[in-house]
Student: 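Could you have a look at this structure, given as structure tokens, before my questions?
This one's a predicted model, so the numbers in the text were calculated from it and none came from an experiment. Chain naming here is simple, since letters A, B, ... match the order of the sequence lines and numbering starts at 1 in each.
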Amino acid sequence: MAILKLDNICFSYGETEVLKDISFEFESGKMYCITGKSGAGKTTLLSVLSGLAKPTSGDILYDNKNIKKIDRYRFRSKYIGVIFQSYNLITKFTALENVVLSMEIAGVKGIKKKKKALELLQSVELDEKEANRRVLHLSGGQQQRVAIARALSYDPEIILADEPTGNLDGETQNEIMNIFKALAEKGKCVILVSHSPSIANCCDVNYELKKINA
Amino acid sequence: MYIIKNALKCIGRSKGRNILIGVIVFVIALSACLGLSIRQAAESAREETLKDLKITANISFDRNAMMSEIGAQREEGQKFDREQFSEKMGKMSGLTLEEYKKYATAETVKDFYYTVTTSLNGSDGFSSVTTETGENESTANNSAAPEMPAETRGNKGVGGFGRGGIGGGMQGDFSVIGYSGENAMTTFLEGTATINKGSVFSEGTENYDCIIPSELAEFNSLSVGDSVKITNPNKEDEAYTLKIVGIYTDSSANESGTGFMGMTASDPANQIYMSYNALSKIIAASEKNATTESNETTGRESSTKLNGQLNAAYVFSNVEDYEQFANDVIEMGLNENYTVSSSDIEAFENSLIPLNTLSRLAGYFLIVILLIGAIILIVLNIFNVRERKYEIGVLTAMGMKKFKVALQFLTEIFVITLAAVILGAGIGAVVSVPVTNALLENQVAAQSDRSERIEQGFGRGQKPDSAKTEMQSPPEDGSFNPFGAFMGTNNQNAYVTEISSAMNFTVLLQMLLIGILLTLIAGAVSMLFIMRYEPLKILANRD
Ligand SMILES: Nc1ncnc2c1ncn2[C@@H]1O[C@H](COP(=O)(O)OP(=O)(O)OP(=O)(O)O)[C@@H](O)[C@H]1O
Ligand SMILES: [Mg+2]
């Protein structure tokens, strides 16, 4: 059964139509890859999926419930973990603080947040020293991994990642992909955006976005 | 909870900016604190003084009002109608003792006393203390002394409302004052005067017992138990024998030295005190024996009777009672030509002029500071929020509700403002007293300067040192306070020149309110901006 379902989604930035009649289905325990040329609207679709942008028309169903009826902030902070193409980290905070903050926003309770955050950061190859460094002083690849750790911190059902391996070398890229695979095996729904064929090959299902030409 | 933690973290991460905001708020807070403290000091000074202010009031004839009434009738270029004035003044009589007593029944009156003052001559070698030679003394004693000019005598019979002060007729050597009771003997109550030999005459006695100043005793080699003979200056053969029961010294009198030219009686050394009942007996006796004689040159009639100048004083425990009394007496039928006045109130109001002026300036200053402060804070916050647009975008994208983001920003501003306000209030508390006193000193100097200029403008020049006993000089404000002469209430330049504490709980509370108000204003602005921001747009812009 689909945990996330897009029903004839259309989206336009003012006059510019970017998405038209998109109907995708995502199930738990599977890995999806959304491909498409640059400017095809992948990031836009991700924004719509994560509730950051409201579709012009069409419905998004999360667990068979229309997300219009769910509090968007709650949806964003608890059910869905987003790894943005541009990371979107609080740069004056340390890696650790970023991860802990997202747990706090999600209202995670009953666990040692700091410990969990350090474990998560370790799983994306960031040691304690790097975890306690301000994001501003981390490399692009390290920031990307902080963003991944942050997205996983509150244990969401769906993980959205916009070019999650764009800045990573082959070896780290594989490790990250293994993390995603493990998450899918644990029953999460992992949705990746990428133009890398190797990533697309790893995934269970591929959706292709076509650029709309006026 | 994490909002506060986040806020504190954010403050720590942008030290430079926050220190800048803090310093600005601190300066605003310090200035506001000084302004508030000055206002508070003025308020406390007023309250404190009012609390201990025992008010003594008189009912006096409102000569001022009558003069302006006559003045108002006068046409352009016409002279002041002196004839009408003296006629009217002549018609006005002082209140009788019965009337005074009637008003004393008003509920608010805490204490009531009265005195009668008359002027008598000494005889049988009993003479007044004077620095003049014996020659002058005899002139003063001479019943055939030249008549006073008619204008000065216009107050004859008015009983204490004219310039001459002590009745009409001849000016004697001594001022004899009869007190209604011990509560009327204010100099003794205040402690400036003390009996050093013998004791005071018994209260309300009709015996011709008196107490005399030590100087006078010395001058005449008199001691307790001796008797002296005094006569009516208008009628030499009318004599009374007073028994000296006590000798007193009045320390306030020492400052004044001798009386003025030919005004021996006004010299404190020549003031004989006795009971009202005894003195009124003398006055009554003199009225009975009086003969009327007509002056050949002026045609005016004059009586040889002793003129007693009656003064009554009402004591109130506070200003409200005094003000209530002023209303009550009108209801009780006091003629509109009379007013209730108290030099204590005037002295009190005068003493607060510099502090009040300072307080008013501080009020304006406070408004300006708060306005500027609010504007600066708003601008700083707009910059702050705009600069942190991306952060706001990230936080909302992470699922933090906008109002929570706004709350975090508000907390940041609040913490900085609070710290700065506390620091400002703390330093303000330390410096407010010396600063207020320094400002007050300037203000007092300016005020003294001003009143001096006004005095000179009126041609009065410098006030004599002996102002306290300056009985014969016209009152400066037009309302004559007959008690001022021997009560030592001439406080004209006794300004409140120093405050002891300015900062109190009220000021702290006000500071806190100001801090919260500034925070809310600034917070509301950031709130507006944060609510307008769409995370998608912010984050997209950064791409
Ligand atoms: N805020 C915006 N306002 C107007 N047009 C926008 C906005 N954001 C994106 N677009 C346009 O929408 C289209 C889709 O952009 P989007 O960022 O979704 O592309 P993408 O597929 O993610 O590309 P890439 O692979 O380069 O990341 C582009 O043509 C872009 O110019
Ligand atoms: Mg993109």
Side-chain angles (χ1 to χ4, degrees), chain A residues 11 13-14 18 38-39 43-44 46-48 50-54 70-94 96-109 113 134-136 143 146-147 150-151 153-154 156 160 162-163, chain B residues 1-21 383-413 415-416 526-527 530-543:
Chain A
F11 186 87
Y13 290 105
V18 182
S38 177
T43 300
T44 307
L46 229 72
S47 300
V48 172
S50 63
L52 269 178
K54 278 185 195 148
I70 308 172
D71 177 35
R72 289 194 325 176
Y73 290 96
R74 194 179 159 81
F75 181 67
R76 226 183 288 158
S77 68
K78 288 186 88 139
Y79 305 142
I80 204 158
V82 189
I83 299 142
F84 297 96
Q85 193 170 16
S86 49
Y87 328 130
N88 294 348
L89 299 167
I90 308 273
T91 49
K92 63 184 167 191
F93 281 11
T94 65
L96 186 65
E97 282 165 348
N98 267 280
V99 178
V100 171
L101 177 61
S102 98
M103 284 194 252
E104 274 165 342
I105 291 174
V108 174
K109 282 189 188 87
K113 294 182 192 111
R134 290 200 198 169
V135 170
L136 206 61
Q143 287 189 32
V146 175
R150 185 180 65 180
S153 65
Y154 43 90
L160 287 178
D162 200 350
E163 305 282 1
Chain B
M1 195 46 221
Y2 75 89
I3 295 174
I4 295 170
K5 227 164 69 187
N6 244 30
L8 293 179
K9 232 179 259 170
C10 285
I11 293 172
R13 298 293 151 88
S14 327
K15 281 199 195 80
R17 183 189 56 214
N18 290 323
I19 287 173
L20 178 72
I21 296 176
F383 279 127
N384 183 25
V385 171
R386 286 175 68 97
E387 198 188 295
R388 293 168 69 180
K389 209 171 174 176
Y390 176 71
E391 190 184 332
I392 294 164
V394 171
L395 287 172
T396 42
M398 281 166 79
M400 194 164 163
K401 287 196 170 90
K402 278 182 188 172
F403 90 85
K404 285 188 176 171
V405 177
L407 202 66
Q408 182 197 314
F409 276 56
L410 198 70
T411 311
E412 286 178 36
I413 302 161
V415 169
I416 297 167
S526 14
M527 194 86 85
I530 291 171
M531 288 306 181
R532 262 185 28 204
Y533 287 160
E534 274 306 320
L536 184 67
K537 281 189 190 139
I538 299 170
L539 300 177
N541 279 348
R542 206 172 128 107
D543 292 342

Student: Tell me the closest heavy-atom pair linking A:Phe84 and B:Ala397, and the distance in Å.
Tutor: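 In terms of heavy atoms, the two residues are closest at CZ-CB, 3.9 Å.
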Student: Under a 4.5 Å heavy-atom cut-off, does chain B meet the side chain of A:Leu89, its backbone, both or neither?
Tutor: backbone
Student: If you count heavy-atom pairs under 4.5 Å with chain B, which of A:Arg72, A:Lys78, A:Glu97 comes out on top?
Tutor: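 Most heavy-atom pairs under 4.5 Å with chain B: A:Glu97.
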Student: Enter the distance from B:Tyr2:OH to A:Leu101:CG here, rounded to the nearest 0.5 Å.
Tutor: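 Result: 7.0 Å between the selected atoms.
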Student: For atom CZ of B:Phe383, decide whether the heavy atoms of other residues, nucleotides or ligands shown that lie under 6.0 angstrom number more than 12.
Tutor: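 Atom CZ in B:Phe383 is not packed in, count stays at 12 or less.
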Student: What's the spacing between A:Thr43 OG1 and B:Leu539 CG if we round to 0.5 Å?
Tutor: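 Rounded to the nearest 0.5 Å, the OG1-CG separation comes out at 11.5 Å.
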Student: Output the distance between atom OG1 (A:Thr94) and atom CZ (B:Arg13), rounded to the nearest 0.5 Å.
Tutor: 6.0 Å
Student: Looking only at non-hydrogen atoms, find the nearest pair between A:Ser77 and B:Gly399 and report the distance.
Tutor: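 Result for this residue pair: CB-CA, 3.8 Å.
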Student: So which of B:Met400, B:Met1, B:Glu534 has the biggest tally of heavy-atom pairs under 4.5 Å with chain A?
Tutor: B:Met400
Student: Relative to chain A, which segment of B:Lys404 carries a heavy atom at a distance below 4.5 Å: side chain, backbone, both, or neither?
Tutor: neither
Student: Taking all non-hydrogen atoms of both residues into account, name the closest pair between A:Ser102 and B:Met398 and its distance.
Tutor: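 Looking at all heavy atoms of both residues, the closest pair is CB-CE, 3.3 Å.
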Student: Heavy atoms only: give me the nearest A:Ala53-B:Leu536 pair and the separation to one decimal.
Tutor: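 Of all heavy-atom pairs spanning A:Ala53 and B:Leu536, the closest is CB-CD2, 3.4 Å.
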Student: With chain A, which of B:Val394, B:Ile3, B:Leu395 has the greatest number of heavy-atom pairs at distances under 4.5 Å?
Tutor: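 Heavy-atom pairs under 4.5 Å are most numerous for B:Val394.
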Student: How long is the gap from CZ on A:Arg74 to NZ on B:Lys401, to the nearest 0.5 Å?
Tutor: 8.0 Å
Student: What's the separation between atom OG1 in B:Thr396 and atom CG in A:Asn88, rounded to the nearest 0.5 Å?
Tutor: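 One finds 9.5 Å between OG1 of B:Thr396 and CG of A:Asn88.
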